[in-house]
Amino acid sequence: QLQLVESGGGLVQPGGSLRLSCEVSGSTLDYYVIGWFRQAPGKEREGVSCISMSDGITYYANSVKGRFTISRDNAKKMVYLQMNSLKPEDTAVYYCAAPRRPLPLFRECSAPYKYDYWGQGIQVTVSS
């Protein structure tokens, strides 16, 4: 059983930056993937970025590539999402999540249905 808690959200102006943190507790992370997802009002939950906790391989959605950076600190069981050059369309509730078992294919990491444990979500609002 894993527990995930997000922090670091808030209101930021377009072009600004935020860093989201995901604290993971309850189990070893060595073979897990941690994903960041977001859901805007009236839209489906989408995969933003994910990282392999064992070797650091990363994935980014095209919409955030070059602006967002995911990183990990295995010792602290933390995963971070640095978000730069934020746009109004980045406004959403952001979630971190983990699967119950290691994903057989890393390229599946952006699919929400692959994940079993979810944080409570945190609001990110980009507005002037």
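With rounding to the nearest 0.5 angstrom, the OG1 atom of Thr58 is 9.5 Å from the NZ atom of Lys65. The structure places CG of Leu103 at 10.5 Å from OH of Tyr32, a figure rounded to the nearest 0.5 Å. To the nearest 0.5 angstrom, Asp55 atom CG is 7.0 Å from Arg72 atom CZ. Within the model, atoms CD1 of Ile70 and SG of Cys96 stand 9.5 Å from one another, a figure rounded to the nearest 0.5 Å. How far CG of Leu2 is from CG of Asp116: 9.5 Å, rounded to the nearest 0.5 Å. Taking OG of Ser52 as the start and CD1 of Ile34 as the end, the distance is 10.0 Å to the nearest 0.5 Å.
Taking each heavy atom of Gly47 and Ala61 in turn, the nearest pair found is O-CB, 3.5 Å. Tyr94 and Val48 get closest at one heavy-atom pair: CE2-CG2, 4.4 Å. Residues Ala40 and Ala92 approach most closely at N-CB, 3.8 Å, considering heavy atoms. Taking all atoms of both residues into account, the shortest heavy-atom contact from Cys50 to Val33 is CB-CG1, 4.0 Å. Nearest heavy-atom pair across Gln1 and Gln3 is CG-NE2, 3.4 Å.
The 12-atom threshold is exceeded at CD of Glu89, counting heavy atoms of other residues, nucleotides or ligands nearer than 6.0 Å.
Judged by distance alone, the side chain of Gln82 and the main-chain N or O of Arg19 form no donor-acceptor pair under 3.5 Å. Using a distance-only test at 3.5 Å, with no hydrogens or angles considered, no donor-acceptor pair links the side chain of Tyr59 to the main chain of Glu108. The backbone N or O of Gln120 sits less than 3.5 Å from a side-chain atom of Glu6, completing a donor-acceptor pair. Of the possible donor and acceptor atoms, one in the side chain of Thr91 sits under 3.5 Å from a partner among the backbone N and O of Val126. In this structure, Gln123 contributes its side chain and Gly9 its backbone to no donor-acceptor pair below 3.5 Å.
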For this session: Step by step, work out the side-chain contact (heavy atoms from CB on, under 4.5 Å) result for Tyr117 and Arg100.
Result: CA-CA 7 Å; Tyr117 305 108; Arg100 182 176 292 115; 3.6 Å; yes
Exercise. Run the ring-ring contact (aromatic ring centres under 6.0 Å, His included) check on Tyr115 and Phe37 step by step: do they pass?
Worked result: CA-CA 11 Å; Tyr115 291 76; Phe37 297 82; 4.9 Å; yes
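Contact check for Trp36 versus Val79: side-chain heavy atoms found under the 4.5 Å cut-off. A 4.5 Å side-chain heavy-atom check between Asp90 and Phe68 finds at least one atom pair inside the cut-off. Looking at heavy atoms from C-beta onward, Arg38 lies in side-chain contact with Val64 at the 4.5 angstrom threshold. Contact of the Arg67 side chain with the Ser85 side chain is registered, since non-hydrogen atoms from C-beta on lie closer than 4.5 Å.
Cluster annotation: Tyr60 is connected to Val124 through the hydrophobic network of ILVMFWY side chains, with a link wherever side-chain heavy atoms come within less than 4.5 Å. A single hydrophobic cluster is not seen to contain both Val12 and Tyr80; linkage of ILVMFWY side chains at heavy-atom distances under 4.5 Å, directly or through other members, places them apart.
Under the salt bridge (charged side-chain N to carboxylate O under 4.0 Å, His left out) criterion, Glu23 pairs with no residue at all, not counting sequence neighbours.
Residues Ser127 and Thr125 have side chains that never bring a donor and an acceptor to within less than 3.5 angstrom of each other.
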